[in-house]
Participant: 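Here it is: the structure, laid out below.
Sequential numbering from 1 along the given sequence is applied to the chain's residues.
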Amino acid sequence: MEMILNHIEFTENRPRDGYSSGGELYFSVGDRCFPAEYWYDSAWQDLKIWVPWLISFGSNHTDSCALSFMDGPYTIRLNRRVDGVVFADFLRENTILSQHNVDLHRLLKSVLAACRKYDRFLFENRKTNAFQEEIKTLMKLLDT
């Protein structure tokens with residue numbers, strides 16, 4: 001089953017740093033959503049923290065990584081088994097709610113799409129792009 005990052009919408013709220021930080025951000029596995037459908041979180045901060053971890057994981061520099069949401073006690077822990085299979089633990093307060101195999105390439109593509117969408121949102125609101133380096137690195141990683 002595919003695990004993908006759904007990035008639906010960003011909210012214009014003009015924080016001091018010039019970036020809109022809020023938005024609907026959640027993962028989907030089949031017809032299930034985590035933490036919940038239309039989950040609202042600090043999208044900018046989540047992506048800025050998650051992407052370097054995902055790049056390291058996708059480059060095989062680490063065999064696990066944790067993607068924690070800024071709001072709420074929710075985390076996705078990605079693990080790579082010895083045979084190369086990637087799986088995700090969906091956690092709430094360190095309690096596993098479910099586990100799923102992950103197509104890492106598809107997951108990274110969905111994260112790349114979310115970063116592009118965020119930068120497009122910033123451009124449309126006359127703000128500086130926030131994810132150009134992450135986009136370049138993810139594109140290189142996905143080409144290999």
Side-chain angles (χ1 to χ4, degrees), residues 1-13 15 17-124 127-144:
M1 201 162 285
E2 285 186 358
M3 174 180 142
I4 61 170
L5 174 63
N6 283 312
H7 213 138
I8 306 301
E9 188 175 331
F10 304 103
T11 305
E12 177 71 30
N13 66 0
D17 63 6
Y19 297 109
S20 172
S21 60
E24 292 175 6
L25 179 79
Y26 59 92
F27 289 83
S28 294
V29 178
D31 61 352
R32 301 188 72 195
C33 299
F34 184 82
E37 190 172 15
Y38 308 116
W39 181 260
Y40 192 89
D41 211 295
S42 180
W44 182 84
Q45 289 176 316
D46 287 343
L47 287 172
K48 277 295 186 183
I49 293 169
W50 294 349
V51 171
W53 280 108
L54 287 167
I55 289 170
S56 180
F57 186 77
S59 301
N60 295 316
H61 296 314
T62 181
D63 288 329
S64 66
C65 71
L67 312 176
S68 295
F69 286 82
M70 297 300 292
D71 291 330
Y74 300 102
T75 301
I76 297 172
R77 188 174 50 220
L78 296 174
N79 294 288
R80 183 181 295 103
R81 294 191 322 216
V82 175
D83 62 4
V85 172
V86 175
F87 65 95
D89 294 329
F90 290 75
L91 302 117
R92 182 175 192 273
E93 296 179 344
N94 295 319
T95 299
I96 297 175
L97 302 174
S98 62
Q99 292 182 311
H100 303 277
N101 285 346
V102 175
D103 179 338
L104 185 59
H105 189 265
R106 179 71 177 111
L107 172 61
L108 293 174
K109 281 179 67 173
S110 70
V111 171
L112 172 62
C115 290
R116 284 179 167 157
K117 186 172 182 180
Y118 199 102
D119 271 1
R120 193 169 41 252
F121 167 81
L122 291 170
F123 176 78
E124 290 168 357
K127 301 215 177 8
T128 304
N129 290 340
F131 291 99
Q132 289 303 296
E133 288 304 313
E134 291 88 344
I135 289 169
K136 288 177 193 173
T137 305
L138 282 167
M139 286 175 59
K140 271 194 244 179
L141 181 60
L142 288 165
D143 283 343
T144 58

Participant: What pairs meet the salt bridge (charged side-chain N to carboxylate O under 4.0 Å, His left out) rule with one or both residues in residues 92-101, with sequence neighbours excluded?
Facilitator: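 As it turns out, there is no salt bridge (charged side-chain N to carboxylate O under 4.0 Å, His left out) pair with a partner in residues 92-101 once direct neighbours are skipped.
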
Participant: Any sub-3.5 Å donor-acceptor pair from Asn129's side-chain atoms to Gln132's backbone N or O?
Facilitator: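 Not a single qualifying donor-acceptor pair exists.
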
Participant: If you count the non-hydrogen atoms of other residues, nucleotides and ligands that lie under 6.0 Å from CZ in Phe87, is the total more than 12?
Facilitator: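 Yes.
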
Participant: Between side-chain atoms of residues 76-86 and protein atoms elsewhere (two or more places apart, or another chain), which donor-acceptor pairs fall under 3.5 Å?
Facilitator:
residue : atom : partner : partner atom : Å
Arg77   : NE   : Asp89   : OD2          : 3.3
Arg77   : NH2  : Asp89   : OD2          : 3.0
Arg80   : NE   : Asn60   : OD1          : 3.3
Arg80   : NH1  : Thr62   : O            : 2.8
Arg80   : NH1  : Asp63   : OD1          : 3.3
Arg80   : NH2  : Phe57   : O            : 2.4
Arg80   : NH2  : Asn60   : OD1          : 3.1
Arg81   : NE   : Asp83   : OD1          : 3.3
Arg81   : NH2  : Asp83   : OD2          : 2.9
Asp83   : OD1  : Val85   : N            : 3.1

Participant: Is Lys109 reaching over with its side chain to a backbone N or O of Leu142, donor-acceptor style, under 3.5 angstrom?
Facilitator: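 Side chain of Lys109 to backbone of Leu142, a donor-acceptor pair under 3.5 Å: no, none is there.
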
Participant: Pair Ile135, Leu138 - check side-chain contact (heavy atoms from CB on, under 4.5 Å), show working.
Facilitator: CA-CA 5 Å; Ile135 289 169; Leu138 282 167; 5.8 Å; no

Participant: Does Val51 form a side-chain contact (heavy atoms from CB on, under 4.5 Å) with Thr137? I'd like the steps, not just the answer.
Facilitator: CA-CA 10 Å; Val51 171; Thr137 305; over 6 Å; no

Participant: Testing Tyr26, Trp50, Tyr40 for ring-ring contact (aromatic ring centres under 6.0 Å, His included) with Phe69, which one passes?
Facilitator: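 With Phe69 as partner, ring-ring contact (aromatic ring centres under 6.0 Å, His included) holds for just one option, Trp50.
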
Participant: List the residues meeting side chain to side chain contact (heavy atoms under 4.5 Å, CB included) with Glu133, not counting sequence neighbours, and say none if there are none.
Facilitator: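 Result, side chain to side chain contact (heavy atoms under 4.5 Å, CB included) vs Glu133: Lys136.
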
Participant: Please identify each residue that fulfils side chain to side chain contact (heavy atoms under 4.5 Å, CB included) with Thr75, with sequence neighbours left out.
Facilitator: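 Applying side chain to side chain contact (heavy atoms under 4.5 Å, CB included) to Thr75 gives Ala66, Ser68, Leu91.
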
Participant: Quick one: do Phe131 and Leu47 satisfy side-chain contact (heavy atoms from CB on, under 4.5 Å)? Show the steps, please.
Facilitator: CA-CA 9 Å; Phe131 291 99; Leu47 287 172; 3.6 Å; yes

Participant: Under the salt bridge (Lys or Arg N to Asp or Glu O under 4.0 Å) rule, collect the residues that match up with Glu37, sequence neighbours excluded.
Facilitator: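 So Glu37 forms no salt bridge (Lys or Arg N to Asp or Glu O under 4.0 Å) with any residue.
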
Participant: Report yes if some heavy atom in the side chain of Leu54 is under 4.5 Å from a heavy atom in the side chain of Leu141; otherwise report no.
Facilitator: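 Not touching, per the 4.5 Å side-chain cut-off.
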
Participant: Between atom CZ of Phe27 and atom NE2 of His100, what is the distance when rounded to the nearest 0.5 Å?
Facilitator: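 So the gap between those two atoms works out to 12.5 Å.
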
Participant: Just jot down the side-chain hydrogen bond (donor to acceptor under 3.5 Å, both in side chains) partners of Gln45, sequence neighbours excluded, or say none.
Facilitator: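 By the side-chain hydrogen bond (donor to acceptor under 3.5 Å, both in side chains) rule, Gln45 matches Ser42.
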
Participant: Quick one: does any side-chain atom of Asp41 pair with a main-chain N or O of Met70 as donor and acceptor, under 3.5 Å?
Facilitator: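 Such a contact is found between Asp41 side chain and Met70 backbone.
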
Participant: Can you give me the closest heavy-atom contact between Lys48 and Ala130, atom names plus distance?
Facilitator: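 Lys48 and Ala130 have their closest heavy atoms at NZ-O, 2.6 Å.
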
